[in-house]
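For clarity, every value in this text was computed on a predicted model and none was experimentally measured. In what follows, chains are A, B, ... by sequence order, proteins preceding strands, each numbered from 1.
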Amino acid sequence: MKNANSIRTIANRYASQLQLCDPKNPIASSLSRTVHAHMISSGFKPRGHILNRLIDVYSKTSKLIYARQLFDEIPQPDIVSRTTLIAAHSASGNLKLARDIFSKTPLQMRDTVFYNAMITAYSHNNDGHAAVELFCDMRRDNFKPDNFTFTSVLSALALVVGEEKQCMQMHCAVVKSGTGLFTSVLNALISVYVKCASSPFVSSRSLIGAARRVFDDMPKRDELSWTTMITGYVKNDDLEAAREFLDGMNEKLGVAWNALISGYVHHDFYQEALEMFRKMLMLGIQLDEFTYTSVISACASAGLFQLGKQVHAYLLRTEAKPTLDFSLSVNNALLTLYWKCGKIDEARVIFNQMPVRDLVSWNAILSAYVSAGRIDEAKSFFGEMRERNLLTWTVMISGLAQNGFGEDGLKLFSQMRLEGFEPCDYAFAGAITSCATLGVLGNGRQLHAQLVKSGYESSLSAGNALITMYARCGVVEAASCVFYTMPNVDPVSWNAMIAALGQHGDGVQAIELYERMLKKGILPDRITFLTVLSACSHAGLVEEGRRYFDSMHGLYGITPGEDHYARFIDLLCRAGKFSEAKDVIESMPFKPGAPIWEALLAGCRIHGNMDSGIQAAEQLFQLIPQHDGTYVLLSNMYATLGRWDDVAKVRKLMRDRGVKKEPGCSWIEVENKVHVFLVDDTVHPEVQAVYEYLEQLVLEMRKLGYAPDTKFVLHDMESDQKEHALSTHSEKLAVAFGLMKLPHGVTIRVLKNLRICGDCHNAFKFMSKVAGREIVVRDGKRFHHFRNGECSCGDYW
DNA sequence: ATAGGGTTAG
């Protein structure tokens with residue numbers, strides 16, 4: 001008897017000692033260990049609620065092993081200890097062990113709390129379906145769900161909900177169960193409605209309305225209720241309603257303010273975001289890492305470098321000791337601020353100094369190098385990365401594509417898949433852009449098919465990339481097909497399609513499309529004008545071009561940049577309006593740079609306007625003496641005038657100055673109508689010989705009855721120094737007729753790419769098919785005749 | 001309950 005009493009006293013003492021082991025208490029872990037040790041040394045065997053309490057404390061202070069040990073020593077664990085351990089395993093993320101205990105527990109032993117623990121376990125580990133399923137099992141087995149059950153299952157449902165019906169069913173169940181007065185249940189219900197509203201297959205308005213009604217009918221609201229509604233409106237793009245709610249809140253809760261600030265930032269309302277930040281400061285609302293990261297990110301997107309730095313400085317001054325997590329996210333935002341404001345090296349310094357870095361930090365620096373076109377650094381940085389995600393690959397692929405490394409881009413795209421990443425639509429867009437820069441239609445088509453197969457058919461970014469790809473590969477029809485079947489288009493799509501038409505010489509159609517865009521109420525931007533001006537220039541639409549140029553500032557308030565002026569001048573000069581072009585140059589608000597003089601020189605070359613041409617060339621020699629294009633243009637201008645001595649002089653000048661001719665294309669006009677594309681004439685030091693040869697060919701063309709306005713391509717196969725690919729056609733000049741329909745740039749890309757592959761034969765097959773014209777390739781005495789993708793050979797003369 | 005990397009058009 002005495003013994004039993006003393007044991008009870010001891011037990012009570014242990015119980016109260018364990019009461020002190022609140023998991024929030026920093027010494028809880030060691031204290032519980034001490035108490036437990038004392039039990040063992042004094043021979044006290046914990047049982048019942050003391051044992052459960054011990055298990056609970058262990059599991060909540062990340063000493064799960066001890067908890068499990070204790071549990072395993074119990075011959076027949078009661079329902080409380082089982083419940084406790086399920087919660088413990090759930091907290092450590094081990095769903096399997098939790099489910100083991102659950103399934104080994106006989107039905108007659110179970111109770112509602114036990115089910116609640118398992119439902120919560122699923123919910124916390126993001127397995128919404130399992131949680132909902134278990135909830136159904138539980139009701140089927142006649143266990144009565146309580147308010148905790150509903151809170152758990154609703155938060156699980158919020159993870160997976162996709163249909164309005166599910167929301168309504170659960171709502172009914174809540175009402176019937178009589179738990180519809182609990183704030184926590186109703187909060188969870190609101191969040192179910194809100195989450196469902198953001199799913200793409202439902203009408204968000206009616207669901208957010210349902211959430212609103214739940215909110216309005218609540219007997220008691222807490223901070224969470226308000227915040228859930230506010231974030232709900234933010235997520236459903238109704239910032240005004242969110243703002244109304246925030247203003248209706250009595251308490252000024254930082255979380256709610258942060259949510260709205262982030263909403264403003266995501267919708268590009270940077271001023272509003274910053275305004276709220278100022279107000280928070282004024283009202284003395286507690287700022288936290290979320291506030292700082294959002295505000296710095298707002299500054300980054302708005303290009304407010306100084307302000308962003310000030311916010312950071314304020315943070316360092318006021319926050320006593322930011323935790324590592326805190327500084328991580330803020331530093332990540334800071335990295336973006338720096339690189340978006342052009343301070344790439346400074347961003348790298350911050351990166352190096354960061355105490356902790358994560359993938360976000362690495363991706364930010366990768367984007368920095370890519371955005372600056374510093375591809376070598378981007379490549380080596382990418383190589384250093386130990387961990388990569390979809391975003392990493394996407395940034396690198398599109399970075400390569402945009403900087404002219406299409407082949408590398410495609411290689412990386414397939415490597416990415418080999419490493420087990422399913423490309424998202426942005427990744428596809430990058431790969432498609434790679435195809436566009438290479439002019440490889442077959443590859444592009446394949447990607448298009450894969451894109452559709454992966455379910456990204458209606459993706460905006462991929463669609464826009466496809467338009468450009470098809471256009472650059474010479475199939476405008478496919479480009480317009482993509483454009484007209486896209487479910488959603490944006491200004492980028494319009495620009496891409498206008499450019500596609502313009503590049504193909506369909507200037508009138510390009511302009512018509514532009515007019516249609518205006519009628520739809522879409523505002524042109526600076527890129528629209530670049531494309532429209534090029535299109536006019538291409539089609540010789542001087543009046544229209546002038547009108548559009550004037551409307552830029554007059555109607556749309558866009559100040560023309562140097563690139564716009566350059567295109568306008570190009571337009572005027574091609575039309576022979578040199579005096580007007582000079583007036584424009586003089587009226588420009590800035591000193592003319594290289595693009596302006598290049599446009600002038602190009603026009604002079606076409607019209608044989610020697611005086612202005614030389615003048616422009618001299619300016620260019622001063623501005624960019626090593627630029628090969630100037631020499632080519634100048635020598636072509638002399639060639640147009642038949643002044644072969646001067647051509648030779650320019651060539652000599654080029655050699656003396658050590659200017660290397662990049663492989664590429666240029667063209668001259670012979671007798672006003674015949675265009676000749678030259679690809680890399682470095683192997684012909686005597687350029688005169690080439691031109692004489694051309695003249696001879698023109699005569700031959702005439703004899704053969706070709707129309708005098710036919711464009712043809714002169715392609716030197718041998719000139720590709722880096723390649724081994726000396727195919728059958730490699731040593732001679734190849735002349736291709738009938739490429740009018742292929743835009744200049746495409747011709748270069750296709751030739752270059754196929755030449756790299758060493759497959760000239762297929763290059764011409766390809767072109768004959770795409771251009772829909774016949775191509776004749778000279779190869780010594782032999783000729784190859786390409787027609788509609790087929791080839792026949794014969795003797796030339 | 002709130003935050004921090006990306007894409008497409010010239």
Side-chain angles (χ1 to χ4, degrees), chain A residues 155 158 187-188 190-191 194 222-232 234-235 253-263 265-266 288-298 300 325-337 339-340 358-368 370-371 389-399 401-402 424-433 436 459-469 471 489-500 502-503 525-535 561 563-564 566-567 745:
Chain A
S155 63
N187 283 345
I190 292 176
S191 94
V194 159
D222 62 6
E223 291 172 340
L224 190 58
S225 331
W226 285 91
T227 318
T228 312
M229 281 309 296
I230 291 170
T231 53
V234 169
K235 288 233 169 78
L253 186 68
V255 182
W257 284 68
N258 292 345
L260 197 54
I261 289 181
S262 87
V265 177
H266 286 303
D288 63 12
E289 51 183 315
F290 292 89
T291 327
Y292 285 113
T293 40
S294 290
V295 168
I296 292 174
S297 143
D325 269 358
F326 192 112
S327 69
L328 176 63
S329 53
V330 172
N331 274 330
N332 283 340
L334 214 56
L335 290 180
T336 312
L337 172 73
W339 80 252
K340 283 210 174 145
D358 66 1
L359 193 49
V360 175
S361 336
W362 284 82
N363 283 342
I365 295 296
L366 186 68
S367 308
V370 162
S371 75
N389 64 5
L390 194 55
L391 208 133
T392 319
W393 289 93
T394 309
V395 170
M396 195 65 220
I397 291 167
S398 48
Q402 278 179 340
C424 61
D425 57 338
Y426 292 151
F428 270 111
I432 292 167
T433 304
S459 157
L460 201 59
S461 49
N464 293 342
L466 279 172
I467 296 173
T468 306
M469 186 275 290
V489 290
D490 67 354
V492 177
S493 328
W494 286 93
N495 288 346
M497 196 58 225
I498 294 169
Q503 285 163 351
D525 59 14
R526 32 178 304 111
I527 290 170
T528 318
F529 282 109
L530 286 178
T531 10
V532 167
L533 288 171
S534 300
D563 37 4
H564 294 100
R567 273 160 215 237

Looking across every strand, which nucleic acid part, if any, lies under 4.0 Å from [X] by heavy atom: base, sugar-phosphate, or nothing?
X       : value
N187(A) : nothing
W393(A) : nothing
R526(A) : nothing
T291(A) : nothing
S294(A) : sugar-phosphate
T528(A) : nothing
V255(A) : base
D425(A) : nothing

Are OP1 or OP2 of [N] and a side-chain N or O of [X] less than 4.0 angstrom apart?
X       : N      : answer
K235(A) : dT2(B) : yes
T227(A) : dT2(B) : no
H266(A) : dG4(B) : yes

Considering only [options], which nucleotide approaches the side chain of [X] most closely?
X       : options                 : value
K340(A) : dT8(B), dG6(B), dA3(B)  : dG6(B)
T433(A) : dG10(B), dG4(B), dT8(B) : dT8(B)
L328(A) : dG5(B), dG4(B), dA1(B)  : dG4(B)
L391(A) : dA3(B), dG6(B), dT8(B)  : dG6(B)
F290(A) : dG4(B), dT2(B), dG10(B) : dT2(B)
A429(A) : dG4(B), dT8(B), dT2(B)  : dT8(B)
V492(A) : dG4(B), dT8(B), dG6(B)  : dT8(B)
V395(A) : dG6(B), dA3(B), dG5(B)  : dG6(B)
T231(A) : dG6(B), dG10(B), dT2(B) : dT2(B)

Nearest 0.5 Å, please: how far is [atom2] in [Y] from [atom1] in [X]?
X       : Y       : atom1 : atom2 : answer
E289(A) : S294(A) : CD    : OG    : 10.5 Å
I190(A) : W226(A) : CD1   : CH2   : 10.5 Å
L337(A) : T293(A) : CG    : OG1   : 12.5 Å
D288(A) : N258(A) : CG    : CG    : 4.5 Å

*So, is dG5(B) syn or anti if syn means the angle is within 90° of 0?*
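Syn.
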_Stacking between dT7(B) and Y426(A), yes or no? Criterion: centroid separation under 5.5 angstrom, plane angle under 30 degrees._
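Stack criterion not met.
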Rounded to whole angstrom units, what separation is found between the [atom1] atom of [X] and the [atom2] atom of [N]?
X       : N      : atom1 : atom2 : answer
D563(A) : dA9(B) : CG    : P     : 16 Å
L359(A) : dG6(B) : CG    : C1'   : 12 Å
Q402(A) : dG6(B) : CD    : P     : 13 Å
I261(A) : dA1(B) : CD1   : C1'   : 15 Å
N258(A) : dG4(B) : CG    : C1'   : 13 Å
L390(A) : dT7(B) : CG    : C1'   : 11 Å
N389(A) : dG5(B) : CG    : C1'   : 8 Å
L466(A) : dT8(B) : CG    : P     : 13 Å

*asked:* Pair S225(A), D222(A) - check side chain to side chain donor-acceptor pair (under 3.5 Å), show working.
replied: CA-CA 5 Å; S225(A) 331; D222(A) 62 6; 2.7 Å; yes
*Just by distance, with hydrogens left out, do T531(A) and N495(A) show a side-chain donor and acceptor under 3.5 Å apart?*
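Not at all, the side chains of T531(A) and N495(A) share no donor-acceptor pair under 3.5 Å.
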*Just by distance, with hydrogens left out, do T228(A) and N187(A) show a side-chain donor and acceptor under 3.5 Å apart?*
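There is no such pair (donor and acceptor under 3.5 Å, judged by atom type) between the side chains of T228(A) and N187(A).
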_Polar side-chain contact N331(A)-dG4(B) base: donor and acceptor under 3.5 Å_ =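 Absent.
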*Is S461(A) side chain donor-acceptor paired with the dT8(B) base, going by distance under 3.5 Å alone?*
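Under the 3.5 Å cut-off, the side chain and the base do not form any donor-acceptor pair.
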